[in-house]
Amino acid sequence: MTGTDLQTTRAEAVRSPGRWLALAVLVLAVLLVAVDATVLGLATPFLSEDLQPSGTQLLWIGDVYSFVIAGLLVSMGSLGDRIGRKKLLLIGAVAFGAVSVLNAYATSPEMMILARALLGVAGATLMPSTLALIRNIFHDPKERSLAVGIWGAAASAGAAVGPVVGGFLLEHFWWGSVFLINLPVMAVLVLVGIKLLPESRDPNPGPWDLISVFLSLIGIVSVVYAVKEAAVHGFRWDAAAAAVIGLTALYWFARRQLTLPSPLLDMRLFHHRGFSGAVLADLLTILGLSGLVFFLSQFLQLVQERSPLEAGLIELPAAVGAVGAGLMAGYLARRASVRSAVSGGLTAVGLALAACTAISASTGVVALGIALFVGGIGAGLAFTVTADVILSTVPKRQAGAASAVSETAYELGAALGIALLGTIVTGIYRGFSAPPGIPADAAAAAHDSLGGAVEAAKELPPEQGAAMVSAAQDAFTDGFQTAAAVGAGVLFATAVAAWFLLRGQKLEEGLEHP
């Protein structure tokens, strides 16, 4: 028996309670990465006051983390298949903790954007490893559905719990504390993971193609940059150039994968209608939820003028709904059908966004809580079932690459949710008319961001300041309502598409024999 065969045997030999304890460690990792994607939302007003970023810089601070993760996930998933998923997970955990310190003590917008990008590099090593290890630890499809449900609940809940954690920390500490919480969690993950997690890898992985790594990163980041810049500033030459570079790189990446004997990503997976449908649903579910949570955090603080902790607690029903739906997702998909579960989940997220088209400064906590709870249920249901479908359609040796596709959809959805919905919010917001008599520099600061308007108002006479903040709040609300309407339309259309794409798709039954 070779060393690789022995490692595979050990991975398959994990038994109760060992496999469930190993799952707990993996859930800890995904929970932290998901929290980090949204914890910054509540810290944005404080960060804006301290670092004074422009509106564009603020969007980059919010979404560069997800952009970089999305660009590297396929590469890191493939790397984990080659060097060992446990090894990559532990290396990523150490790096994630170290770079968190750099984020906490950033002293300029540029440094913050760089630090968030580096945190994305570290995060990209964690996410595909967690789902791939689940694929190799749990061989009974029903057990695996429950494990994926717990994993999916952690991913969805993490995105919603982030504002609560951030709110608590911001009530007592400075904004950098939202990053320092990563250190003790990552220390526990490394120490416990060394003991509990089994190693697994592709027994015949082939070489890791660095050209493909470069192409996937350049392609995804360039395309997303082009979309974001075109939406904010119009279709200028730089956005057009980025779009051409990105699309060319992605086309070259796809063609190269079809010619390599050991590709980073087997493009033939997308010939499977269920796989492609699950990836699309995955991406757009998170696009809707992440955009909703990110901008609602700002709305609650800067329009309704709530404290960070209060705003975070209002968003907690989304986490509750996501956890409950995630745990029940596999059961529901088997009792009804995969397409019913996914389409129903997408519709629920769309309804939550549609409800936000009627949001205003006077909207009560109960109405917000109900909308977020429905959105959380939808996200937990759709995201968990699609992750299970994606894992079920590939052999175990490709678990890392398939997991990376699922995670790329998740992170790209999070990034696009902030970027695309954010550009709608920003575009409408910047069109508001400042009250007469406002100095030009104060008006310019106010048009840059709502946080900038609140800060600029402090330097004005009380009546002028109040008038400008009121006008800015109304404009932000209009932008949020419009973005929510667009997001709802996209989610409803995706629900219909998923109904047809996932026709006949089923989750596995019975024990899997590796």
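Along the sequence shown, residues carry numbers from 1. Hydrogens, waters and symmetry mates play no part in the numbers below; they use all other heavy atoms, side chains included. The model shown is predicted, which means the values in this text are computed figures rather than measured ones.
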- For the residue pair Met76 and Leu79, establish whether any side-chain heavy-atom pair is separated by less than 4.5 Å. yes
- Query: Mind checking what makes ring-ring contact (aromatic ring centres under 6.0 Å, His included) contact with Phe96, not counting sequence neighbours?
  - Reply: none
- Looking at CG of Leu372 and CD1 of Ile377, how far apart are the two atoms once the value is rounded to the nearest 0.5 Å? 11.5 Å
- Would you say the side chain of Leu491 lies within less than 4.5 Å of the side chain of Thr347, judging by non-hydrogen atoms? no
- Query: Looking at residues at least two apart in the chain, or sitting in another chain, which of them share a side chain to side chain contact (heavy atoms under 4.5 Å, CB included) with Leu368?
  - Reply: Leu296, Leu300, Gln304, Ile314, Ile359, Thr363
Side chains of residues 211-221: which donor-acceptor pairs under 3.5 Å do they make with residues two or more places apart or in other chains?
unit_1 : atom_1 : unit_2 : atom_2 : d
Ser212 : OG     : Asp209 : OD2    : 2.4
Ser212 : OG     : Gln257 : NE2    : 2.8
Ser216 : OG     : Ser75  : OG     : 3.2
Ser216 : OG     : Ser212 : O      : 3.4
Ser216 : OG     : Val213 : O      : 2.9

- Between Leu250 and Val223, is a side chain to side chain contact (heavy atoms under 4.5 Å, CB included) present by the stated rule, with each step listed? CA-CA 9 Å; Leu250 290 177; Val223 167; 4.0 Å; yes
- Query: Of all heavy-atom pairs between Ala325 and Gly380, which one has the smallest distance, and what is that distance?
  - Reply: CB-C, 4.1 Å
- Identify the heavy atoms of Thr386 and Ala281 that sit nearest to each other, and give their distance. CG2-CB, 3.8 Å
- Who are the salt bridge (Lys or Arg N to Asp or Glu O under 4.0 Å) partners of Glu310, not counting sequence neighbours? Arg306
- CG on Leu102 to CG on Leu114, rounded to 0.5 Å: 6.5 Å
- What's the shortest heavy-atom distance between Gly487 and Leu353, and which atoms? C-CD1, 3.6 Å
- Message: Quick check for you: to the nearest 0.5 Å, what is the distance between Lys86 atom NZ and Ile194 atom CD1?
- Response: 7.0 Å
- Query: How long is the span from the NZ atom in Lys195 to the CG atom in Leu21, to the nearest 0.5 Å?
  - Reply: 14.5 Å
- Message: Testing the basics here: between Ala483 and Val425, what is the closest heavy-atom pair and its distance to 0.1 Å?
- Response: CB-CG2, 3.8 Å
Indicate every side-chain donor-acceptor pair of residues 182-192 with a distance under 3.5 Å to a residue at least two apart or in another chain.
unit_1 : atom_1 : unit_2 : atom_2 : d
Asn182 : ND2    : Asp36  : OD1    : 3.0
Asn182 : ND2    : Ser100 : OG     : 2.7
Asn182 : ND2    : Phe179 : O      : 3.2

- Query: So how far is it from Arg116 CZ to Met111 CE, rounded to the nearest 0.5 Å?
  - Reply: 14.0 Å
- Query: Rounded to the nearest 0.5 Å, how far apart are CG of Leu119 and CG of Asn103?
  - Reply: 5.0 Å
- Item | Nearest heavy atoms of Gly176 and Ala104, plus distance in Å | O-CB, 3.3 Å
- Query: For Pro317 and Gly369, which heavy atoms make the closest approach, and how far apart are they?
  - Reply: CB-O, 3.5 Å
Solution key, residues 23-34 side-chain donor-acceptor pairs under 3.5 Å, sequence neighbours excluded:
none

